[in-house]
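Given the structure is predicted, the values throughout are model-derived calculations rather than measurements.
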Amino acid sequence: MVLLFVLVKANKFLQHCRSSHSHMASNQNLRDLQWVLQAIKSQSFNLHSISFYLSQPASNCCPETENSLNINISKDGLPYFSNLLTTLGAAKSTQSSLRNLEFHRVEWDSKLLGNLGILLENNTNTKQIAFRRNRFNTECLSELSDILKKNRVIKEIMFSESSIGSVGAGFLASALKVNDSLEELQIWEDSIGSRGAEELSKMIEVNSTLKLLTIFDSNSITATPLVSAVLARNRSMEVHVWSGENGEKSSKVVEFVPENSTLRIYRIDLSGACRVACSLGMNLTVKSLDMTGVRLKSRWAKEFRWVLEQNQTLKEVNLSKTCLKDKGVVYVAAGLFKNQSLQSLYLTGNWFSGVGVEHLLCPLSRFSALQLQANITLKSLTFGGGRTKIGRDGLAAILVMLTSNQTVNRLGIHDVEGLRPDDIVKIFRSLEKNASLKYLSLQGCKGVQGDTVLQTIMETLQVNPWIEEIDLSRTPLHNSGKTDGIYQRLGQNGKTEPEMDLLKDMPLTVPKSCRVFFCGQEYAGKTTLCNSISQNFSASKLPYLDQVRTLVNPVEQAVRTVGMKIKTFRDEDTKISIWNLAGQHEFYSLHDLMFPGHGSASFFLVISSLFRKPTNREPKSTTEIEEDLQYWLRFIVSNSRRAIQQCMLPSITIVLTHFDKINQPSQDFQQTVNSIQRLRDKFQGFVDFYPTVFTVDARSSASVGKLTHHLRKTSKTILQRVPRVYQLCNDLIQILTDWRSENYNKPAMKWKEFDELCQIKVPPLRIRSRHDNKDKVEKRRRATATCLHHIGEVIYFDELGFLILDCEWFCSEVLGQLIKLDVRKQSSSGNKGFISMKELEKILRGSLQSQFPGMGSKVFENLEASDLVKMMLKLELCYEQDPSDPNSLLLIPSILEESRGKPQRWQFSTPDCIYVGRHLECDDSSHMFLTPGFFPRLQVHLHNKIMALKNQHGATYSLEKYLILININGIYIRVELGGQLGYYIDVLACSNKNLTETLQVIQQLIIPAIQSLCHGINLMENVMRPECVRNLTPPRYRRAQFVSLQQLKQALLSVPAENMYDYQHTWAPVSDSGRPILHAGFDFARDLLSDEDFREVLHRRYHDLYNLAVELQVPPENNQDGSDNPLSISDEAEKVEPTFGGIAKGVEAVLQRLKIIEQEIRDLKQEIQGLRYYEHRLLLELHRKVNYLVNYNIQVEERKVPNMFYFVKTENYSRRLVTNMISGMNALRLHMLCEFRREMHVVEDQIGCEIMQVDNRTVKSLAPYMTKFMKLLTFALKIGAHLATGMGEMIPDLSREVAHLADSSLLYGAAGAVAAGAVGAAAMGRIGESRNRNKGLESSRDIQQDLRTAQQWVVDFLRERRCSTGKDIAEKFGLWRVRYRDDGQIAWICRRHMYIRAAEIIEVPI
């Protein structure tokens, strides 16, 4: 009722505003602003946004929407402005709803700002304020600063043409030093000057919450202090600085985008560039630096040398066209000697000579076999340009680098005019010894010309097979068209050979047939383009039938093509087939069947029209074109990953049609070009893009001439690169063509006919005598047919009994008929989605008709409609409702219609039902998806799998367009395809069975069936929130209502045993426009995981505990020195002997108990109880052992220093625990544990003591016992022992650490440095030696000696650091020396234990 009242009031308000506006138009009177004041006071409407326009000709009120209001105020109505601010500040209705405020042409005074301050103070939801053409005096700016200091709500503030100047910038800076809520600051069309920029930079040093800073200043000098502060303080703040100096057109100065870690500097002076370089030294946020076109000098290069030496994150630097001379390049080269992170460096268009080249390549070269290459991280280097004079010295340096370098894989030398042909010859001769370079670019080099250079390149490629690409564009050799042989040779170097298996003696050859797939949406102009290309081929080379088809081009162009079409051409001895994939959405589900097999010679033309329909001039938006192209790119990537063997990346060319309708290139077209470049970058490494985007008029054969040339040349290149095929395949292509011409052009042949053809026409596939191995010959024939299928000449599958020879007929006539089939009209059964076998055969028989006039009925005498149905069943395009019934109904999923508006609910639901869901998502959905043909295949495949089960007991199975409904043994399952373009599948289940039985069906039946159909696409399993399953929450609301299965298991492993059964996973709430859809909640892990999953977690914990028990169970030793035993316990049963053997006795009972527990497990609760008991006993033994080690040698300095220590290394603002001691390690910190018995732990906020460098004495003192003690502490961490409280976050991968520690020997040498992150502490001796019972006495003496050595090292180290008194140790380590009242032992404990255990201890300070 309240909501209805508010809506009625708001509606009345809008009607009143409109009627008043009409009245004003008639009599030109001022708007009654008093009414607006009263409306706000009466709280009759809910405003989100208000814009004030002052100095207007008339005062009025203009509502934009129900929640947005524009208020125009004339000079006469200025008093109302102050009253409005006061009223808004007091109105309760706007205090929680008002979000945006805009002020235009306001001249502020103290009173107005006071009212604004009250308004902002009372409003708790105002996020954005904009001041446009406002005026502030100094006093007002100060008051505004005070307002911002107090405000904790505003997220964005903008000043546009408000002339705040440097003074205003200073006040804003002082406010933002305090304000920690503002995220965006924009200052447009102003001049804050260098002083204002410096003030803002000081603010940046303090403020860490600002996310976006945009400045449009009249002077570019403001950029320097701002971006320098952001870089120096490693702020993740997006920065954009624009400038328009001296009336020039505005241009960007600096851009820093932390999302892609890219810093672009477009314009900056020398001193500013030096300052920015200084801030990059220790920066961690910039990975790519682009200063293209900024004029630099050696002074900047000197600073940048230090950047290269210090910075560890910079990956790419572009210094093209920066006018660097020799001295500057020498500084850059000097920085490369110590740099260990930079991967790409671009220096094209600079002014250095051979001296610069010589220095630049020096860190990348070796000048003797004994010398190490100084820089091994730089992978790509490009230099050159018209003013780069390489000379003899530079050439010599290039030759040395190419001969000796072992890491650079991309080298570019561009537009260098000084290189002569004999210099180019020397460069390629030097490549004969290079095994790392994969890409060489000499584009624009005039010396690349002549037959000698060409011959040298070819000879080099014969010797060097590692070069993958050579770019010779814009060179005389390329311009003369002589580089085709080079690219052909490169393709041969990269080809792979298929497995030979049973066909080892069958010769291989280069294939002669290549397929070109035309991919695009409907109306893209694919058919018209194909016809124009056919006209570019010589008519004399076209087969007669193709000549006939060419004559009907005008008819074909007038009608939209429906279905898939295939057109074949001959180019010399190469056969080129154009497969025109249907652009209609209903055909998409069949495209997977047409995708080329592994090793197939094929490439793709992705075609998109620049206009929505060819009949009008309505252009497509850039987004529409990008979506078109992206669909086909993802389709190609998904199918290529699904292929059995991906021997080369799919080759793709982009074609834009209807270019003739564009009168002149516009900004929209440039945006389209930019979007295509983004797609190139996004799919780099997934597909191989042809660099040129063709823009054509598909109707004009002249317009597509270059595209036709590209198609012919690319076909030849692809044929050279793909794996070779059996020679028989090339022979059989012609033999099958002849067979068709002799047999009424039949589109298919029986396998028996193929056998006869092989016996007569193909000697290698001939059975020569009765004693021949017929099985081997049969396998050869099937292998040959499969090879023909992969290269697209036939369609063949094992056990079908026939081959499809006319692929176009099958794709267009047979499958096309199925897609266009209206089941509701055809099926007399009335059963949704089903069609009878007879009715389907009748439809298919209609496609088995003569394709051309004058051809008799013998064309299809060897093929029946039932054969096609069998093929559809084999391809899982349909399934039989009852396989035992010859007249069974068939269901074809691809022709199902999507249900609309149907309410979703469970067929069976009772209060005791359990609900469970799994969310399977593509791990790389930006490049791949589940193709449109995937889900129809899954619908058939899952049906066949379920019906083949022995215990399915009358399972029911029904389908919708994107849904599978299954009822099997009382478990109802929904399998839903979701996401744009289908990148995830949800499996939801409702059952009256228990959780484990329900999940068994999902994990053992449903998920394996899904995984089996998406080869190459990884689906990550996630656990869905049960409430979403129970309520069948729509997919848009459950996007974040799932958790990774592995993450949930890992979370269980991280809690103590007693908490595992009651572990809860918390779900976040979901709302829609403020309306709650799902409330926050939680579920127990035991209600999300099956018993098998839970037991897997428990067994992993058991494994860790068992390893700990084995570690504690050690053969006995004799302790000859009774005085070293600090333990004195009267109860013999509780006594722990001061030897490893004594501890083992206490563990034997624990191990025995473990076996009993594992044998008696009945349920999870009992198993966890056993785990808790086992864990408790092991921890008890562990504490006793560690406690003994703490006090092992009490005589050393009378325990004047703590004994339990570990080392920490700080890396990138995180702490890593050190596993071992290697001589030369530096920047370590020594820390101490609190030693209170049975409760030892890490001391929080402990300062510690720094170790500058580890020497050999330190290694010798500590290495012998670090291994075993670290192992104990690591196991303790894994089972949640409070012994290691505070250390868990320092160990990123405990399982790897335990594996390392369990296998490691004494930590000597560099091999021991593989592990990362565990605890280093003094405590243990050489355990391996102690396992030999015959050497017990010797081992005991070794342990005692090692312990004394380690403890003496601690004493000496702390004494050297002047940390030997109790006060010093308390200050650095937070530990105090105490004595236990009961046994008199000494220990060093923390302040907390000093307080809570005061009754058990006596402080004994030094």
| query | So, do Tyr631 and Phe929 have ring centers that fall under 6.0 Å from each other? | reply |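 So the answer is yes for these two rings.
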Of all residues at least two apart in sequence or in a different chain, which pass the side chain to side chain contact (heavy atoms under 4.5 Å, CB included) check with [X]?
X       : value
Ser1071 : none
Asp923  : Asn1018, Met1020
Tyr1063 : Leu1048, Ala1051, Leu1052, Val1055, Ala1085
Asn992  : Phe908

| task | Indicate whether any N or O donor in one side chain lies under 3.5 Å from an N or O acceptor in the other, for Thr996 and Ser1090. | result |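 Judged by distance alone, the side chains do not pair up.
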| Cationic tip of Arg1086 above Phe1084 ring, under 6.0 Å, 45° of axis |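 The answer is yes; both the distance and angle limits are met.
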For residues 1031-1039, please give each side-chain donor-acceptor pair under 3.5 Å, one per line with the distance, not counting sequence neighbours.
from, atom 1, to, atom 2, distance (Å)
Asn1031, ND2, Glu1027, O, 3.4
Tyr1037, OH, Asp1072, OD2, 2.5
Arg1038, NE, Asp986, OD2, 3.1
Arg1038, NH1, Thr1033, O, 2.6
Arg1038, NH2, Glu976, OE1, 2.6
Arg1038, NH2, Asp986, OD2, 3.0

Results of side-chain hydrogen bond (donor to acceptor under 3.5 Å, both in side chains) for [X] - residues two or more places apart only:
X       : answer
Ser1012 : His941
Thr209  : Asn207
Trp1067 : Asp1083
Lys682  : Gln630

| task | Examine distances only and state if a side-chain atom of Gln1041 and a backbone atom of Pro1026 form a donor-acceptor pair shorter than 3.5 Å. | result |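 Answer holds: no.
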| Sub-3.5 Å donor-acceptor pair from the side chain of Tyr957 to the main-chain atoms of Gln939, do we have one? |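 At least one qualifying donor-acceptor pair exists.
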Which side-chain N or O atoms in residues 999-1010 pair as donor and acceptor under 3.5 Å with protein atoms at least two apart or in another chain?
from, atom 1, to, atom 2, distance (Å)
Gln1000, NE2, Glu1092, OE2, 3.1
Gln1003, NE2, Asp1093, OD2, 3.4

| said: Taking ring-ring contact (aromatic ring centres under 6.0 Å, His included) as the definition, give me every residue that meets it alongside Phe683, ordered by chain and number, with sequence neighbours left out. | reply: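 So Phe683 forms a ring-ring contact (aromatic ring centres under 6.0 Å, His included) with His927.
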| Among pairs that include at least one residue of residues 907-920, which meet salt bridge (Lys or Arg N to Asp or Glu O under 4.0 Å), considering only residues two or more places apart or in two chains? |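 Counting only pairs at least two positions apart or across chains, the salt bridge (Lys or Arg N to Asp or Glu O under 4.0 Å) contacts touching residues 907-920 are Arg918-Glu1021.
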